[in-house]
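FYI, the numbering just counts along the sequence from 1.
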Amino acid sequence: MRYLPLSDTDRADMRARVGVSDINEIFVDIPESARLDGLLDLPLHQSEFAVERDMARMAAKNVAASSVPFFVGAGAYKHHVPASVDHLIQRSEFLTSYTPYQPEVTQGTLQYLFEFQTQVAALTGMEVANASMYDGSTATAEAVLMAHRVTRRNKAVLSGGLHPQYRSVAEGLSEMAGDRVVSLAADPLGAEDILAAIDDETSCVVVQSPNFYGQLVDLKPIADKAHAHGALLIAVFTEVVSLGLIEPPGAQGADIVVGEGQSIGNGLNFGGPYVGLFATRQKFIRQMPGRLCGETVDANGKRGYVLTLSTREQHIRRDKATSNICTNSGLCCLAFTIHMTLLGGNGLATLARINHASAVKLKAVLEEVPGVSVLNDTFFNEFTVKLPKPAAGVIEELAKRGVLGGVPVSRLEPGQAELEPLLLVAASEVNSDEDRAAFAAALKEVLA
């Protein structure tokens, strides 16, 4: 606020208008433990050169993902992105494009968004997809709200295998909307009885496969039970490459399919921006959030593209909108579409097989380390390892030895002693035999 050209009187008028006497009252929803008490321990001002020098010094402390053996996943995955993808999305007509309100001057943008939707629908086995959502977590939360509108109920059941951050976003949005959420306990063994949680008050069941712990879930019996009680099945994924190998959620009875598309065309990017994928059945199309691009013909009968549905508050009255999402991840969608086009169906299937094979090799190597056991009976390219000591400390020691060895479950599910020894590890096409050997050797040394 101190950088805004406002006088003390201006600020007092603003506080009076919103009904607070002190600016800190605006932040009461943020826990005190997460708030800053005063200014950061930084110089109040520096020259541009000095700032660049200090930032570079701090950045040099990071261990870059491409510089060491890398086995981190848990919702964000390192894959090879062809150079042609980055080259094409940096063309000025793509890099600077905006929302295609005027179809007569934005046919290129509308066409690639239409192609993106087509690809997502095909990948998920659904009839229609939008273009697009912010990321997988917000797509999941929006799917829950959509299910409430369709079923006219407000109780969501969230699987214990759902990514904790996805669960948190869904819970937060539901709390603000006054909806009910039943979140099942963490399920690293894939043994939960989610069917028992479904009743006649249930609006939707949210199940991730492969789930947070890497377990593959058979969605068909869950879909059958949900439908028998008038509820919808929301299928979630965090690793979109898995859809090149496993049966698509739509073929397993899912009503809404959502997830993260980062793995195709988009780098890790320090955690974002990413691209949320959202697909559903044709009969639910008018309750779908975001926007939908469609194909039509112009006055001369030539093919053209338009915004067919835009049920978001940026386009229509707030009380009529299905969502308050106010943009899409357009450039990330384009990167996804270019990479997916380069791969094709056969290429994606091949990439998926390589990923699974890489994970199988990693599992075999890690199981040779004394004290290490793998919990998964099934997995795609990510699985859960149980260590003889807390995983958080092990990860720090591995990093000192030049290996980024995964994500401790306790980092995302804190305060549960039984989860502290659990480590999520992910493998992809970028991992070599040398990487796997280095991981196993470093882990053996740390655990000795």
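Counting heavy atoms from C-beta on, the side chains of M340 and F116 never come closer than 4.5 Å. Looking only at side-chain heavy atoms (C-beta outward), Y77 and T238 come within less than 4.5 Å of each other. For the pair L422 and L375, the minimum side-chain heavy-atom distance is below 4.5 Å. Between E239 and H79, the closest side-chain pair of non-hydrogen atoms falls below 4.5 Å. Side-chain atoms of V425 and L423, non-hydrogen and from C-beta on, do get closer than 4.5 Å to each other. With a 4.5 Å cut-off on side-chain heavy atoms, Y213 and L189 do not count as touching.
Note that the CG atom of L245 and the CD1 atom of I354 stand 11.5 Å from one another [nearest 0.5 Å]. Interatomic distance, N381 CG to F71 CZ, rounded to the nearest 0.5 Å: 12.0 Å.
In this structure, the side chain of T202 does not engage the main chain of C204 through any donor-acceptor pair within 3.5 Å. No donor-acceptor pair under 3.5 Å is formed between the side chain of Q262 and the backbone N or O of V275. Side-chain N or O atoms of T280 include one that pairs as donor or acceptor with a backbone N or O of D255 at under 3.5 Å. Using modelled atom types, one side-chain atom of S209 and one backbone atom of V217 make a donor-acceptor pair closer than 3.5 Å. Without hydrogens or angle criteria, S203 side chain to N154 main chain gives no donor-acceptor distance under 3.5 Å. Judged purely by atom type and a 3.5 angstrom limit, N211 uses its side chain to pair as donor or acceptor with the backbone of G214. At least one donor-acceptor pair closer than 3.5 Å links the side chain of K225 to the backbone N or O of L195. In this structure a side-chain-to-backbone donor-acceptor pair under 3.5 Å is present from D435 to S432. With hydrogens and angles ignored, the 3.5 Å screen pairs no side-chain donor or acceptor of E142 with any backbone N or O of S323. S132 places a side-chain N or O within 3.5 Å of a backbone atom of S329 that can act as its donor or acceptor partner.
Taking 4.0 Å as the cut-off between side-chain N and carboxylate O, E382 and K363 do not count as a salt-bridged pair. In this structure, E25 does not pair ionically with R15, as no charged nitrogen and carboxylate oxygen lie closer than 4.0 Å. We find that E247 and K220 are joined by a salt bridge, their nearest charged nitrogen and carboxylate oxygen being less than 4.0 Å apart. A salt bridge links D199 to K155: one of the charged nitrogens lies within less than 4.0 Å of a carboxylate oxygen.
Heavy atoms of other residues, nucleotides or ligands lying less than 6.0 angstrom from CZ of R152 number 12 at most. The 12-atom threshold is exceeded at CZ of R53, counting heavy atoms of other residues, nucleotides or ligands nearer than 6.0 Å. Residue-environment remark: CG (D8) stays at or below the threshold of 12 foreign heavy atoms within 6.0 Å. Counting non-hydrogen atoms of neighbouring residues, nucleotides and ligands closer than 6.0 angstrom, the CZ atom of R57 exceeds 12 such neighbours. More than 12 non-hydrogen atoms from other residues, nucleotides or ligands lie less than 6.0 angstrom from CD of E104. Counting heavy atoms of neighbouring residues, nucleotides and ligands inside a 6.0 Å radius, atom CD of E175 does not exceed 12 of them.
No side-chain donor-acceptor contact under 3.5 Å links D298 and N300. Of the N and O atoms on the side chains of N130 and Q117, not one donor lies less than 3.5 Å from an acceptor on the other residue.
Between S137 and Q165, the closest heavy-atom pair is CB-O, 4.4 Å. Taking both residues in full, the closest heavy atoms of A185 and E192 are given as O-OE1, 4.2 Å, listed atom of the first, atom of the second, then distance. Heavy-atom minimum distance, I395 versus P408: CG1-CG, 3.7 Å. The shortest non-hydrogen separation linking L184 to S159 is CB-C, 4.4 Å.
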Worksheet item: side chain to side chain contact (heavy atoms under 4.5 Å, CB included) between V241 and I264: does it pass, once the steps are laid out?
Response: CA-CA 7 Å; V241 174; I264 298 180; 4.3 Å; yes
Fill in: Chi angles and distances behind the side chain to side chain contact (heavy atoms under 4.5 Å, CB included) call for L277, E260
CA-CA 6 Å; L277 311 184; E260 178 55 63; over 6 Å; no
Fill in: Derivation and outcome, side chain to side chain contact (heavy atoms under 4.5 Å, CB included), residues V85 and L88
CA-CA 5 Å; V85 174; L88 290 171; over 6 Å; no
Worksheet entry | side chain to side chain contact (heavy atoms under 4.5 Å, CB included) evaluation trace for C293 with V306 | CA-CA 6 Å; C293 297; V306 294; over 6 Å; no
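Between F379 and H356, the ring-plane angle classifies as tilted under the 30° and 60° cut-offs.
Remark: aromatic rings of Y166 and F212 are distant, center separation not under 6.0 Å.
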